[in-house]
Amino acid sequence: MATLGIDGTGQRLLRRLNPGPGGWQVGLATVATVGVALGLSALLIAVTGGSPTASAKALYQGSMASPAAWSTSLLYVAPLLLVAVGACVSARSGFFNIGQEGQVLIGALAGAWVGLRLAVPGPLLLVLVLLASVVGAGIWAGLSALMYRFRGVNIVVSTMLMTFLAQQLISFAVNTPWLLQESRLGRGTLSPQSNPMPENGRLTSLGEYPNLQLNGGLVLAVVVAVVLALVMARTRWGFRLKMVGLNPATARHAGVRVGALGGIALAISGALAGLAGALLLTSPVGTNRLQPGMSLNIGWDGLLVALVARNNPLLAIPVAVLFGVLRAGGSFLAATGVPSFLVDVVKALLVLAFVAPPVVIGMLRRRRLADQPATPTSTPTAPPAAAPTDPTAGSAQVAGSAPAASSAPVPGPRSTAPPPADPGDAGTKDAMEGRLA
């Protein structure tokens, strides 16, 4: 039976993302690689027949030019941040969860089931929807930990493959009338989606269009990020989590239950991805309906946010804002004749620009240390024996007398005499002679 431990791939990636000293070198290299990534993005836009200047202007107008544009960007920030924080927790323990896309869908599925099946008045319905999403996605992610524990299935492989299973479950649910398919109105055609969420099951926003609107999901995501950052940095549980991620053998010898702690971290990661799915269901970022494609690659992009933030929940906040800006402004690129999928290319280049410098500099540093010649170390020799300090011995030698005899015994010549006879042997000889007589 396999023992729940730390995935080897996760350990290697965690070590490479933390190369050690040389922060100024990493900073300069990151600035250089970001510049190269932006230059390559402009080149790709020019090759596809677009204008880099017009594309940058459209991206700005769609994401930051007005309060309404900022409202759209911040709507995307909340689910991205929740997924990223969950990825930070699992990566800190050495378990790399890459199934957030499916966990987002499972969270939305659980929340839609509770919101559409329970007739609960007031804001209690919203609380139940959020809790159902957290619990459902947490259990879904915990299945990967159980598969590793009992069958030895790799965490990365299982979480990724379960994403496709989650997509099929959503498709089955919204195409089955007795599950979550929308109700028929007259003779209209049924669509593969659920009914809209009730009003008391939706998150409210502060502000009104065209002014800046802050949805409650953003406040919730920022609070979760700050709390988990403090927990991982200032509590015993966070220290144990880091110890398990860096050296599980040492953590096990220190009395840490490595398997249980890793499984809990993986479940927390899935639970936060499920909470992101609940935000897609209950906030204005979506249609407030359960749909097969409602995840909008939030799970994949949230994982990229965590990679760029180097598994730091606080650093994930500005990185999530950057990715939210790219998402909100991507829809405006079509007006300039640039394909919208180029936004994904730009995001991929930016991820490489932020992740590659610490890895490359760490490799160069290790190679430089390995190429340095070893410093020869001289073997210490024993000091010569000190001369005798007895004054009488010295005066005797000067006078020509014989040197003092050593106290150590001097072996003499080997003796050839027979050993002494045992007294008992004589008695035995006399008794034998008496019997013969």
Side-chain angles (χ1 to χ4, degrees), residues 68 71-80 82-83 101-137 140 166-211 213-221 271-299 302 324 327-328 331:
S71 300
T72 305
S73 299
L74 295 178
L75 283 176
Y76 288 111
V77 170
L80 286 173
L82 287 173
V83 173
E101 186 74 9
Q103 292 153 15
V104 167
L105 292 175
I106 294 298
L109 173 63
W113 176 269
V114 171
L116 296 175
R117 295 292 182 179
L118 298 182
V120 179
L124 179 60
L125 181 62
L126 176 61
V127 175
L128 293 177
V129 168
L130 297 179
L131 289 177
S133 300
V134 168
V135 174
W140 184 263
Q167 294 172 349
Q168 297 301 319
L169 287 177
I170 296 295
S171 179
F172 177 75
V174 297
N175 284 283
T176 306
W178 57 271
L179 280 178
L180 289 175
Q181 189 177 24
E182 66 176 352
S183 303
R184 183 183 296 275
L185 297 177
R187 296 183 177 181
T189 304
L190 295 178
S191 300
Q193 62 182 5
S194 69
N195 291 326
M197 293 292 293
E199 291 294 334
N200 61 333
R202 302 182 187 181
L203 289 166
T204 58
S205 299
L206 301 176
E208 296 181 357
Y209 184 84
N211 298 323
Q213 292 178 300
L214 295 178
N215 189 258
L218 179 63
V219 179
L220 178 62
L272 292 180
L275 185 57
L279 295 189
L280 295 178
L281 184 68
T282 59
S283 66
V285 71
T287 60
N288 300 124
R289 295 172 180 263
L290 181 66
Q291 296 172 333
M294 65 175 300
S295 60
L296 302 174
N297 292 330
I298 289 292
R327 272 184 166 269
S331 59

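With contacts defined as side-chain heavy-atom distances shorter than 4.5 Å, the pair V114/V120 does not qualify. The shortest distance between side-chain heavy atoms of S194 and L116 falls below 4.5 Å. The shortest distance between side-chain heavy atoms of L279 and L203 falls below 4.5 Å. A heavy-atom distance below 4.5 Å is not found between the side chains of L280 and Q291. M294 is not listed as a side-chain neighbour of I170, based on a closest heavy-atom distance of 4.5 Å or more. Looking at heavy atoms from C-beta onward, N297 lies in side-chain contact with E101 at the 4.5 angstrom threshold.
Scanning all heavy atoms of the two residues, the minimum distance from A278 to L130 falls at CB-CD2, 3.7 Å. Nearest heavy-atom pair, V83 versus G302, reported as atom, atom and distance to 0.1 Å: CG1-CA, 3.7 Å. Heavy-atom minimum distance, N195 versus S183: OD1-N, 2.9 Å. The nearest pair of heavy atoms linking N175 to P177 is O-CD, 3.8 Å. When all heavy atoms are compared, the tightest approach of N288 to S283 is ND2-O, 3.3 Å. Taking every heavy atom of both residues into account, T176 and W178 meet most closely at CG2-NE1, 3.0 Å.
Residue pairs meeting the side chain to side chain donor-acceptor pair (under 3.5 Å) criterion with at least one member in residues 102-124, sequence neighbours excluded, are N97-Q103. Every pair passing salt bridge (charged side-chain N to carboxylate O under 4.0 Å, His left out) that includes a residue from residues 279-297 is listed here, sequence neighbours excluded: E182-R289.
Between L281 atom CG and M197 atom CE the span is 4.5 Å, to the nearest 0.5 Å. To the nearest 0.5 angstrom, L80 atom CG is 11.5 Å from L74 atom CG. In this structure, CG in L82 is found 10.5 Å from CD1 in I298, a value given to the nearest 0.5 Å.
With hydrogens and angles ignored, the 3.5 Å screen pairs no side-chain donor or acceptor of N200 with any backbone N or O of P123.
Checked against side chain to side chain donor-acceptor pair (under 3.5 Å), S205 has the following partners two or more places apart in sequence or in another chain: N215. Every residue two or more places apart in sequence or in another chain that forms a side-chain contact (heavy atoms from CB on, under 4.5 Å) with V134 is listed here: A271, L275. Every residue two or more places apart in sequence or in another chain was checked for a side chain to side chain donor-acceptor pair (under 3.5 Å) with S133, and none qualifies. Among residues two or more places apart in sequence or in another chain, the side-chain contact (heavy atoms from CB on, under 4.5 Å) test is passed with S73 by S63, W70, V325, A328.
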Review point. What do the steps show when you test W140 against L169 for side-chain contact (heavy atoms from CB on, under 4.5 Å), and what is the final call?
Key: CA-CA 12 Å; W140 184 263; L169 287 177; 3.7 Å; yes
